[in-house]
Amino acid sequence: MLDIKLIRENPELVKQGISNKNEKDTVDEILAADKERRELVAKVEELKAKKNKVSQEVGKLKKAGEDASDIIAEMGKVANEVKELDEKLREVEDKLNELLMWVPNLPNKNTPIGKSADDNIETKQWLPEGFNFENDFEKMDHVELGKKLNILDFERGAKISGSGFPVYVGKGATLERALINYMLDLHINEHGFTEILPPFMVNAESMRGTGQLPKMADDMYTCEKDGVYPIPTAEVPITNLHRKEVLEEKDLPINYVGYSACFRREAGSYGKDSKGFLRVHQFNKIEMVKFVKPETSYQELDKLVDYATEILEKLKIPYRILQLCSGDLSFAAAMCFDIETWSPAENKWLEASSCSNFEDFQARRASIRYRKTEDKKLDFLHTLNGSGLATSRLMVSLLENYQTPEGKIIVPEVLQKYTGFKIIG
RNA sequence: GGAGAGAUGGCAGAGUUGGUUGAAUGCACCGGUCUUGAAAACCGGCAAGGAUUCACGUCCUUCCAGGGUUCGAAUCCCUGUCUCUCCGCCA
């Protein structure tokens with residue numbers, strides 16, 4: 001969430017940021033609630049001070065064996081008044097908090113301003129040697145390939161769970177697992193990340209901490225009976241590892257990488273890109289999460305993008321990087337780069353990764369601070385995360401790019417030692 | 001699912017006949033004295049959040065969380081969460 005002081009002192013700046021993000025502007029409501037809160041606080045604290053002081057005197061009087069019944073009666077009234085005011089204060093605070101929870105993070109000043117995905121900026125395109133956008137034979141799409149080679153079974157997935165729950169079969173399952181292990185190993189061994197295997201369900205507080213709740217409630221599955229949510233991304237459990245903690249500056253940056261299954265309801269998106277892996281309710285993802293000092297967070301964001309794209313280059317899969325414009329930025333992000341891989345059968349780019357800097361937005365929500373070495377003061381740190389990468393869309397590109405004219409799949413070289421086979425079909 | 005024990009500051013650990021205890025003591029940490037330097041010893045400092053103030057400061061809140069009793073609660077009552085021990089059940 002945003003610092004209430006920032007809103008109080010720079011309302012115009014905040015309004016501009018919200019507007020650039022196409023979100024609802026509640027700044028005036030917030031300012032009114034904030035003012036009301038402070039007035040109430042002043043009032044109630046004055047009364048409490050009086051109450052505390054007099055109550056202490058009661059103690060003294062009683063010790064001295066004197067009568068204090070008059071004062072006690074009077075303080076009874078004050079206590080009631082305090083109770084009423086406290087209640088009112090709490091209502092106002094709840095309201096203020098709720099309002100604040102719905103305010104998005106502001107785009108960083110270097111995030112391009114724009115309305116929609118059309119205004120995103122392509123910052124890089126990388127194509128493997130010999131790659132051509134013109135297919136030299138007719139490419140089967142990943143659904144056909146999966147069926148023909150019996151490595152993906154979308155129909156049975158739909159039978160046992162519902163549409164959007166893919167089943168990987170035989171070498172398809174092995175390939176998926178190889179991809180997961182390859183990516184994890186690379187980040188752990190080459191990029192110095194610490195592996196986390198997190199819980200796949202979290203409580204509501206965790207969801208609020210990273211900003212999924214309250215805004216994205218409809219996009220999440222819920223287990224109401226137990227008050228837990230299947231995670232939409234490992235970002236949630238991993239970032240919340242340090243919720244309500246104070247970290248030492250010398251321990252930063254902290255770099256975690258974790259595998260998780262990801263669960264998304266994708267409410268309201270039926271019919272759009274819904275074929276096969278293009279939009280699913282459950283998929284696998286490797287997620288990188290960083291806890292860093294504020295002054296380094298933009299360098300760290302570049303690193304995340306580099307780490308994610310390094311994998312695609314090693315896999316020899318064509319990709320491009322998009323810098324998201326303000327209007328396409330997610331709720332909690334201040335800056336974000338999407339990485340898209342090429343699908344020759346769909347003839348388009350597919351989002352396989354998203355690397356974001358949340359600055360101190362999540363850290364405030366989740367109360368993740370660090371103690372500075374120099375002056376011992378506490379401050380919110382910055383959090384970032386990036387998919388490195390999501391396997392579903394990546395698998396689409398992989399299968400389609402690596403298919404032979406005979407409809408077989410060549411396993412990318414770097415994955416072969418993980419799969420134990422070089423070809424499917 | 002049943003029975004019991006516990007949750008105090010960065011850590012350890014006092015405090016449960018309610019009253020100047022935001023909290024003893026030890027350790028850690030920071031500053032100083034001493035020392036050629038270090039150690040030891042000694043002296044001093046050392047929570048977070050909020051309101052207010054140009055500032056110094058003043059005040060409020062916080063002893064797992066949320067309610068309650070009371071003029072006043074770390075201390076009493078209720079509920080919840082977590083940890084530990086035992087029984088049952090299960091992978």
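Naming convention: chains lettered A, B, ... in sequence-line order (proteins, then strands); numbering from 1 in each chain. Predicted model only: the values in this text are computed from it and were never measured. All values below come from the heavy atoms of this structure, side chains included, with hydrogens, waters and symmetry mates left out.
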Just how far, in rounded Å, is C1' of B:rC30 from CD of A:E248? 13 Å
Taking distance alone, no hydrogens or angles, what donor-acceptor pairs closer than 3.5 Å link side-chain atoms of residues 360-367 of chain A to residues at least two apart or in another chain?
unit_1 : atom_1 : unit_2 : atom_2 : d
A:D360 : OD2    : A:R364 : NE     : 3.4
A:D360 : OD2    : A:R364 : NH2    : 3.2
A:Q362 : OE1    : A:T383 : OG1    : 2.7
A:Q362 : NE2    : A:T210 : O      : 3.0
A:Q362 : NE2    : A:E235 : OE2    : 2.8
A:R365 : NH1    : A:R208 : O      : 3.0
A:R365 : NH1    : A:L213 : O      : 3.1
A:R365 : NH2    : A:M101 : O      : 2.4

What's the gap between B:rC54 and B:rU61 when it is taken at their C1' atoms, as a whole Å value? 26 Å
Between B:rG6 and B:rC63 - C1' atom distance, rounded Å: 15 Å
Closest-nucleotide mapping onto RNA chain B: is A:A49 or A:L378 further toward the 5' terminus? I mean the 5' end. A:L378
Distance below 4.0 Å between A:N52 side-chain N/O and B:rC59 OP1 or OP2: no
A:K48 side-chain proximity, nearest of B:rU61, B:rA48, B:rG72: B:rU61
State whether A:F421 and A:K171 meet the cation-pi test: NZ (Lys) or CZ (Arg) under 6.0 Å from the six-membered ring centroid, and within 45° of the perpendicular axis. yes
A:K250 has an atom NZ; how far is it from atom C1' of B:rC29, in whole Å? 12 Å
Just N and O in the side chain of A:R369: are any of them under 4.0 Å from OP1 or OP2 of B:rA48? no
Counting neighbours of CD on A:E224 that are heavy atoms of other residues, nucleotides or ligands and sit closer than 6.0 Å, is the number greater than 12? no
Any side-chain donor near an acceptor of the partner, A:Q416 and A:Y182, under 3.5 Å: no
Pair A:Y229 + A:F263: ring centers closer than 6.0 Å: no
Spacing of the P atoms in B:rA14 and B:rG67 (rounded, Å): 29 Å
For atom CZ of A:R371 and atom P of B:rC29, their distance in whole Å: 14 Å
Rounded interatomic separation in angstrom, taking NZ from A:K53 and P from B:rG72: 18 Å
Does B:rU58 pair with anything, Watson-Crick or G-U wobble, both distances under 3.5 Å, and if so, with which nucleotide? B:rA51
Considering only the C1' atoms, how many Å lie between B:rG22 and B:rC46, rounded to the nearest integer? 13 Å
Euclidean distance for P, B:rC64 against B:rA12 (whole angstrom): 14 Å
Pick the C1' atom in B:rA73 and in B:rU17, then give their distance to the nearest Å. 14 Å
Heavy-atom check, side chain of A:D119 versus side chain of A:P112, under 4.5 Å: no
Show each protein N/O and nucleotides 15-20 of chain B N/O combination with a separation under 3.5 Å, one pair to a line.
unit_1 : atom_1 : unit_2 : atom_2 : d
B:rG19 : N2     : A:S55  : O      : 2.7

Determine, using ring centers only, whether A:F277 and A:H142 are less than 6.0 Å apart. yes
CZ of A:F380 versus P of B:rA48: gap in Å, rounded? 13 Å
If you measure from the C1' atom in B:rC11 to the same atom in B:rC29, how many Å do you get, rounded? 11 Å
For B:rC76, what is the paired nucleotide under Watson-Crick or G-U wobble rules, both distances under 3.5 Å? B:rG68
Whole-Å distance, A:K372 NZ to B:rC29 C1', equals 19 Å
According to the Watson-Crick and G-U wobble definitions, with both distances under 3.5 Å, which nucleotide is paired to B:rA41? B:rU33
Please report, to 0.1 Å, the donor-acceptor pairs under 3.5 Å made by any side chain of residues 75-90 of chain A, with sequence neighbours excluded.
unit_1 : atom_1 : unit_2 : atom_2 : d
A:D86  : OD1    : A:K48  : NZ     : 3.4
A:D86  : OD2    : A:K48  : NZ     : 3.3

Any strand counts, and the cut-off is 3.5 Å on both contacts for Watson-Crick or G-U wobble. Which nucleotide pairs with B:rA14? none
Could you give me the CA-CA distance, side-chain angles and deciding distance for A:V167 and A:K159, then say whether side chain to side chain contact (heavy atoms under 4.5 Å, CB included) is met? CA-CA 11 Å; A:V167 177; A:K159 176 173 72 182; over 6 Å; no
So, A:F154 versus A:F165, ring centres under 6.0 angstrom or not? no
Non-neighbouring partners of A:E155 that pass salt bridge (charged side-chain N to carboxylate O under 4.0 Å, His left out), sequence neighbours left out: A:K147
Starting at CD of A:E249 and ending at P of B:rC29, how long is that distance when rounded to a whole Å? 18 Å
P atom, B:rU81 versus B:rC90: distance in rounded Å? 24 Å
Does A:M216 have more than 12 heavy atoms from other residues, nucleotides or ligands lying within 6.0 Å of its CE? no
Using atom CZ of A:R243 as one end and atom P of B:rC64 as the other, report the distance to the nearest whole Å. 19 Å
Listed in order of residue number, which residues of residues 81-101 of chain A have a non-hydrogen atom at under 4.0 Å from RNA chain B? A:K83, A:R90
If you count the non-hydrogen atoms of other residues, nucleotides and ligands that lie under 6.0 Å from CD in A:E413, is the total more than 12? no
Partner nucleotide of B:rA7 by Watson-Crick or wobble geometry (both distances under 3.5 Å): B:rU81
Could you list all N or O pairs between the protein and nucleotides 50-52 of chain B that sit under 3.5 Å apart?
unit_1 : atom_1 : unit_2 : atom_2 : d
B:rG50 : O3'    : A:R37  : NH2    : 3.1
B:rG50 : N2     : A:E45  : OE1    : 3.1
B:rG50 : N2     : A:E45  : OE2    : 3.4
B:rA51 : OP1    : A:R8   : NH2    : 3.3
B:rA51 : OP1    : A:R37  : NH2    : 3.3
B:rU52 : OP1    : A:R38  : NH1    : 3.2

Distance-only polar pair, side chains of A:Y256 and A:H242, donor-acceptor under 3.5 Å: yes
